[in-house]
Amino acid sequence: MGVLSVLLPLPLGPMSYLPPFGFAGEALGRRVAVPWRGEVRVGVVVEELPAEARPSLRHAVALLDEKPFLRPQEIAFLREAARYLFAPEGLVLMDLLPPFPPLEHRVRLLPEADPGLLPPGLEALSDWQEARGFDPKLLDLLRENGVLEEEVRFRRQNPALWLHPAERDGPLSEEEERAYRALLEMGQARSMAELARKAGVSVRVVQRLLKRGVFRLAPARRPAEPVEPLLLPELPGRINGGRLPDRLRLLMGLIQGKRALVLFPEVALLEAYLRHFPEAYPLHGGLSVEERARLFEDPPGQVFATYQGLLLPADWDLIVVVEEGSESYKLSSGSRAFIPPLAELRARLLGVPLVYLGQVPSVEVLDRPGYTFPVPRPRLHLVDLNRARGWPFTGEAWALLQQVEARGRQALVLSGRKGYSALLRCRDCGYKPMCPNCALPLRYHEHRLLCHQCGHEEPPPPLCPRCGSDLIEPRGPGLDWLYKELKEKLSLPVFRLSRDKRDDLEPLLRGEPGVLVATTLVLRGPLLPDLALVLLPYADGFIYEGDFRAQERYHRLLWALTELHPARRPLLALQTFEPDHPVHQGLLEGSVEAYLHREKALREALDYPPKTRMLKLEVAHPKEPVARERALALAEALKGEEGVMGPAPAPVPRVKGRYVFHLLLKGSTERLAALLARLDSRWYKLDPDPLRFVGLLED
DNA sequence: AGCACGCCGACT
DNA sequence: GTCGGCGTGCTC
């Protein structure tokens with residue numbers, strides 16, 4: 001008898017079990033209930049190993065699927081993904097697996113077993129009983145002694161499924177034809193009986209078509225406003241530019257008639273796209289367990305999914321990743337994976353093409369053969385803070401706001417969260433102290449200048465070393481300050497939107513005049529129908545965030561703002577000390593990627609991603625010296641190795657009462673794996689693809 | 001992850 | 001004298 005290698009959704013590698021008593025058959029890829037620390041847990045069989053001499057292996061309780069839940073393709077993907085992420089395979093499974101329905105679990109004592117084995121009071125176990133209600137430890141004891149008979153299966157709940165037309169499999173009989181036409185016309189039918197009535201055929205006909213796969217059962221489809229496909233002569237590696245409606249049409253052109261997986265960074269964007277694709281089925285965390293289970297059992301031809309779609313057992317013709325630069329692709333817990341590289345891995349292992357589709361490409365994908373759709377030139381107004389007067393609003397800014405006021409329209413004022421700066425800047429010449437190693441601005445902390453990437457530290461110069469003027473710390477105004485200013489000086493109603501302050505925006509959404517002061521949260525929200533002005537009082541606050549991706553992020557933000565309204569082009573006004581910044585130049589040129597090519601060259605010169613992989617080790621402890629000590633010990637263990645940066649205190653040095661330090665490692669996947677093998681994994685948390693260097697995400 | 005084991009500091 | 005904090009090891 002062989003041994004089952006079972007992967008559980010736990011941060012561990014696979015575990016070995018003997019097959020369930022009396023089981024003979026193919027187990028690979030099927031879900032299996034196994035005893036785990038006295039309970040029963042569900043895992044996936046990822047390998048069938050030859051029998052093993054180890055005496056103490058336990059038997060799995062039961063296999064839970066008729067046919068494989070994951071195919072070898074998905075298992076291979078999990079394995080490779082784990083290697084790429086430096087994570088245990090079970091952790092990756094935890095991230096990507098859909099939730100399971102609850103288990104139905106019945107137990108009884110084997111008929112031939114001696115009931116005298118039972119502790120008194122449990123005679124009932126001679127007959128089938130719900131396992132719940134019995135002490136799991138007792139059950140496990142009986143199980144281990146081989147006297148327990150068990151029935152385990154997923155509880156079947158009937159999700160509200162509708163009848164949909166699928167593929168015709170050949171000639172249809174006259175009645176079948178009628179049923180098929182009727183369903184095409186209806187789009188979907190709630191029940192077989194309903195369709196039979198409408199088509200004037202017997203239910204048997206509908207049943208037959210369902211069984212043959214000409215019809216399929218699937219969740220209700222929403223009404224769609226389909227878009228005209230825009231076809232490209234060749235399949236590019238990325239598609240950028242255009243307006244949202246253009247990209248919708250391009251996506252339609254890409255996937256129509258194909259089996260396609262389309263990945264989205266967040267549900268709101270997914271739904272905005274989904275409205276225009278009648279053939280596509282959604283898959284995301286908002287769906288019920290049953291709906292998701294259904295999609296895994298029988299994946300339809302087109303799925304619009306969040307990261308959970310990566311593991312769907314389907315042979316796609318094409319994978320599309322929408323807005324690959326979005327930070328929402330970053331999983332904040334578990335393996336902390338960043339999804340686009342995993343999508344690329346998935347496509348590669350399936351041997352199918354992958355296309356990135358978004359307004360602005362990420363630096364990571366810039367080298368792919370691209371197709372860039374023309375972009376409407378942004379209406380950009382730069383206010384040079386080196387010359388202009390007034391803070392937080394310059395005279396020019398007030399003039400623009402007053403125009404909005406006079407015309408009774410809407411304005412958006414975008415703020416960083418806290419008005420946090422910690423950056424020194426020369427009042428006259430614009431000089432900023434930079435890290436000599438990292439080409440990042442140094443942060444001003446506790447009377448020292450500090451690089452949060454490599455840990456470089458120096459005393460702040462008393463005067464500007466270039467021109468001898470004073471160094472100042474320009475402070476970005478926070479949401480509340482801006483709100484107060486606007487409220488005092490404008491007659492328009494002023495609203496706030498941030499994670500913790502959420503005014504009722506109803507009047508604005510109806511189109512009434514007003515000003516909204518918001519964080520970048522607005523980009524997800526519903527749009528302001530009469531938006532005329534977008535103002536960033538301190539645009540530089542977005543540039544100098546102290547990690548090497550900040551400027552790319554700022555570039556993406558500005559382009560996203562130009563698209564905030566689908567029809568109008570609101571004026572984008574930026575108050576900045578850096579009007580000549582290459583990001584601004586890029587927008588003025590009307591090119592979504594001119595700046596990025598420049599940025600990519602810079603990254604290459606500095607040996608930053610995408611030229612090399614970078615990963616982050618985080619050390620956190622309630623006692624600052626302990627955290628520091630451990631971070632130093634990690635660095636010590638890697639002493640003399642290339643590409644080790646830090647330790648440095650995280651930019652937010654204390655998160656949830658713990659002091660955080662981090663180290664950054666650069667290199668190829670293989671080399672990083674070799675470095676990590678020398679470290680004790682208990683002392684750090686690993687981020688395989690850090691997007692920012694801001695403290696701990698989650699535990 | 002989640003749990004048990006074991007070792008040291010501050011309390012009824 | 002114990003309670004309980006966390007560091008350590010282990011899970012088929």
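Below, all heavy atoms of this structure are taken into account, side chains as well, without hydrogens, waters or symmetry copies. To find a chain, count down the sequence lines: A is the first, B the second, and so on, and within it residues start at 1.
Among residues two or more places apart in sequence or in another chain, the side chain to side chain contact (heavy atoms under 4.5 Å, CB included) test is passed with Leu12(A) by Leu10(A), Met15(A), Trp36(A). Residues that satisfy the side chain to side chain contact (heavy atoms under 4.5 Å, CB included) test with Ser668(A), not counting sequence neighbours, are Glu670(A), Arg671(A). Scored by the side chain to side chain contact (heavy atoms under 4.5 Å, CB included) test, Ala87(A) finds Leu85(A), Leu91(A), Val92(A), Ser335(A) as partners (sequence neighbours excluded).
As a whole-Å value, the separation of Leu93(A) CG from dA1(B) P is 15 Å. Distance Tyr17(A) OH to dT11(C) P: 11 Å, rounded to the nearest Å. Atom CG in Leu97(A) sits about 15 Å away from atom C1' in dA1(B), given to the nearest Å.
Sequence neighbours left out, the pairs with a member in residues 608-649 of chain A that pass ring pair (Phe, Tyr, Trp, His ring centres under 6.0 Å) are Phe548(A)-Tyr608(A). For the salt bridge (Lys or Arg N to Asp or Glu O under 4.0 Å) condition, the pairs that include at least one residue of residues 623-633 of chain A, sequence neighbours left out, are Glu624(A)-Arg628(A).
The residue Leu91(A) sits apart from the nucleic acid: no heavy atom pair falls under 4.0 Å.
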Filtered N/O pairs between nucleotides 2-7 of chain B and protein, under 3.5 Å:
residue	atom	partner	partner atom	Å
dG2(B)	N2	Arg37(A)	NH2	2.7

Detail all sub-3.5 Å separations between protein N/O atoms and N/O atoms belonging to nucleotides 5-8 of chain C.
residue	atom	partner	partner atom	Å
dG7(C)	OP1	His621(A)	NE2	3.1

Report, one line per pair, each donor and acceptor closer than 3.5 Å where one atom sits in a side chain of residues 27-35 of chain A; sequence neighbours left out.
residue	atom	partner	partner atom	Å
Arg30(A)	NE	Asp65(A)	O	2.7
Arg30(A)	NH1	Glu26(A)	O	2.9
Arg30(A)	NH2	Asp65(A)	O	2.6
Arg31(A)	NE	Asp65(A)	OD1	3.3
Arg31(A)	NE	Asp65(A)	OD2	3.1
Arg31(A)	NH2	Asp65(A)	OD1	2.8

Side chains of residues 144-154 of chain A: which donor-acceptor partners sit under 3.5 Å, not counting sequence neighbours?
residue	atom	partner	partner atom	Å
Asn145(A)	ND2	Leu141(A)	O	2.8
Glu149(A)	OE1	Arg108(A)	NE	2.8
Glu149(A)	OE1	Arg108(A)	NH2	3.1
Glu150(A)	OE1	His105(A)	NE2	2.7
Glu150(A)	OE1	Arg143(A)	NH2	3.0
Glu150(A)	OE2	Arg143(A)	NE	2.7
Glu151(A)	OE1	Arg106(A)	NE	3.4
Glu151(A)	OE1	Arg106(A)	NH2	3.3
Arg153(A)	NE	Glu104(A)	OE1	3.1

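Here Glu290(A) does not pair with Arg294(A) in a salt bridge; the nearest charged N to carboxylate O distance is not below 4.0 Å.
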